[in-house]
Amino acid sequence: EVAIACGLDQAIGDVIVVLNPATDPPDRIPEFAEKANDTDGIVIGIANDKFKRSLPYRLAYRLHYGLGKVFLARSQVYGATHFMGLTRTALNALLTIKDSFRFIRVLAMYAGFEVTQVPYEFVARRHPPRHRRPLTLIENAEHIIVSNSDRPLRMAAILSAIMGIADFAFLIYILGMRLL
């Protein structure tokens, strides 16, 4: 994410395309650029997962997006990859969001531009394909949520207030029992 953010800060041109060279097909770049120009917004690649994923990985992946739906005002698109096309206008809007932890796939949901989804097939250029560990997905979800949302803090504050009220009520009960 840091490398992508640095690259986007330095990017020039009317349409900027981001891709992962290990899995994204470069022959689809013109399609992404054309769709971004047509919609004047953001085009996000949605992976049709050809690679065999383990059950723990698939469960962690679902949990990753489930946590995003609960804790983020606008969650990223399920199956979204780093393969995306952005118009200059959309990129400039994203770059105005000054955040030390920029997750481009999450910020794209907040930019106010139309987000077009384009399904595509991974191209396996690495044998065996590299997979992230399931716990890494959960850690990434936690990092994305903490850096892009205040909902966990609100939930902790509400829970603390409820616990404080319950403790106070218990204190009143104990004092009442001692006095009566």
Side-chain angles (χ1 to χ4, degrees), residues 1-53 57-58 60-127 129-132 136-137 140-141 143-151:
E1 293 290 340
V2 173
I4 292 171
C6 289
L8 291 175
D9 282 339
Q10 303 302 317
I12 58 173
D14 294 333
V15 176
I16 295 84
V17 177
V18 178
L19 63 95
N20 181 350
T23 57
D24 298 334
D27 59 328
R28 300 286 302 266
I29 291 174
E31 177 187 354
F32 274 65
E34 184 180 322
K35 283 192 186 263
N37 264 335
D38 290 346
T39 62
D40 194 31
I42 301 170
V43 177
I44 294 182
I46 306 298
N48 294 334
D49 200 354
K50 259 175 65 170
F51 302 139
K52 300 286 183 196
R53 304 281 187 177
Y57 184 89
R58 288 188 308 232
Y61 200 70
R62 292 237 181 240
L63 182 61
H64 170 87
Y65 283 98
L67 288 172
K69 281 185 177 183
V70 170
F71 290 110
L72 296 173
R74 290 184 173 180
S75 180
Q76 67 189 73
V77 177
Y78 183 80
T81 64
H82 284 107
F83 198 4
M84 58 179 17
L86 303 109
T87 61
R88 170 55 55 189
T89 311
L91 178 60
N92 289 341
L94 287 177
L95 293 177
T96 60
I97 302 171
K98 296 300 178 193
D99 190 355
S100 59
F101 298 106
R102 286 192 246 178
F103 288 91
I104 193 70
R105 290 174 289 171
V106 175
L107 290 179
M109 303 301 120
Y110 291 95
F113 289 88
E114 180 181 346
V115 177
T116 306
Q117 301 175 20
V118 176
Y120 73 97
E121 298 290 329
F122 278 138
V123 175
R125 292 191 185 91
R126 181 184 180 110
H127 299 286
R130 187 181 338 179
H131 296 296
R132 290 182 286 180
T136 303
L137 282 173
N140 286 348
H143 192 75
I144 288 170
I145 289 165
V146 168
S147 62
N148 291 298
S149 178
D150 59 356
R151 285 185 182 177

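Bear in mind the structure is a predicted one, so any value in this text is a computation, not a measurement.
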Item to check | Contact summary for A90 and G41, nearest pair of heavy atoms | outcome: CB-O, 3.9 Å
Checklist entry - Quick one: side-chain contact (heavy atoms from CB on, under 4.5 Å) partners of R62, sequence neighbours excluded? => result Y78
Item to check | Those residues that, when tested against D14, pass side-chain contact (heavy atoms from CB on, under 4.5 Å) (two or more places apart) | outcome: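 For D14, no residue satisfies side-chain contact (heavy atoms from CB on, under 4.5 Å) once neighbours in sequence are set aside.
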Next on the checklist: Nearest 0.5 angstrom please: D24 CG to M84 CE, how far?
Outcome noted: 11.0 Å
Decide yes or no for [X] and [Y]: does some side-chain heavy atom of the first lie under 4.5 Å from some side-chain heavy atom of the second?
| X | Y | answer |
| --- | --- | --- |
| R88 | I16 | yes |
| I4 | H82 | yes |
| V118 | E31 | yes |
| L91 | L8 | yes |
| T116 | I42 | no |
| T81 | I46 | no |

Item to check | Residue pairs passing the ring-ring contact (aromatic ring centres under 6.0 Å, His included) test where at least one lies in residues 1-29, sequence neighbours excluded | outcome: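 Checked against ring-ring contact (aromatic ring centres under 6.0 Å, His included) - neighbours excluded - no pair reaches residues 1-29.
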Checklist entry - Which residue pairs pass the ring-ring contact (aromatic ring centres under 6.0 Å, His included) test when at least one of the two sits in residues 5-28, sequence neighbours left out? => result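 Passing the test, one end in residues 5-28: no pairs.
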Checklist entry - Can you list every pair that meets side-chain hydrogen bond (donor to acceptor under 3.5 Å, both in side chains) and has a residue in residues 35-45, with sequence neighbours left out? => result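 Not a single pair qualifies under side-chain hydrogen bond (donor to acceptor under 3.5 Å, both in side chains).
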Next on the checklist: Using the ring-ring contact (aromatic ring centres under 6.0 Å, His included) criterion, which residues pair with F83? Sequence neighbours excluded.
Outcome noted: F32, Y120
Item to check | Set of salt bridge (charged side-chain N to carboxylate O under 4.0 Å, His left out) partners for E34, sequence neighbours left out | outcome: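 So E34 forms no salt bridge (charged side-chain N to carboxylate O under 4.0 Å, His left out) with any residue.
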Item to check | For Q117, all residues meeting side chain to side chain donor-acceptor pair (under 3.5 Å), sequence neighbours excluded | outcome: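 Q117 satisfies side chain to side chain donor-acceptor pair (under 3.5 Å) with no residue once adjacent residues are dropped.
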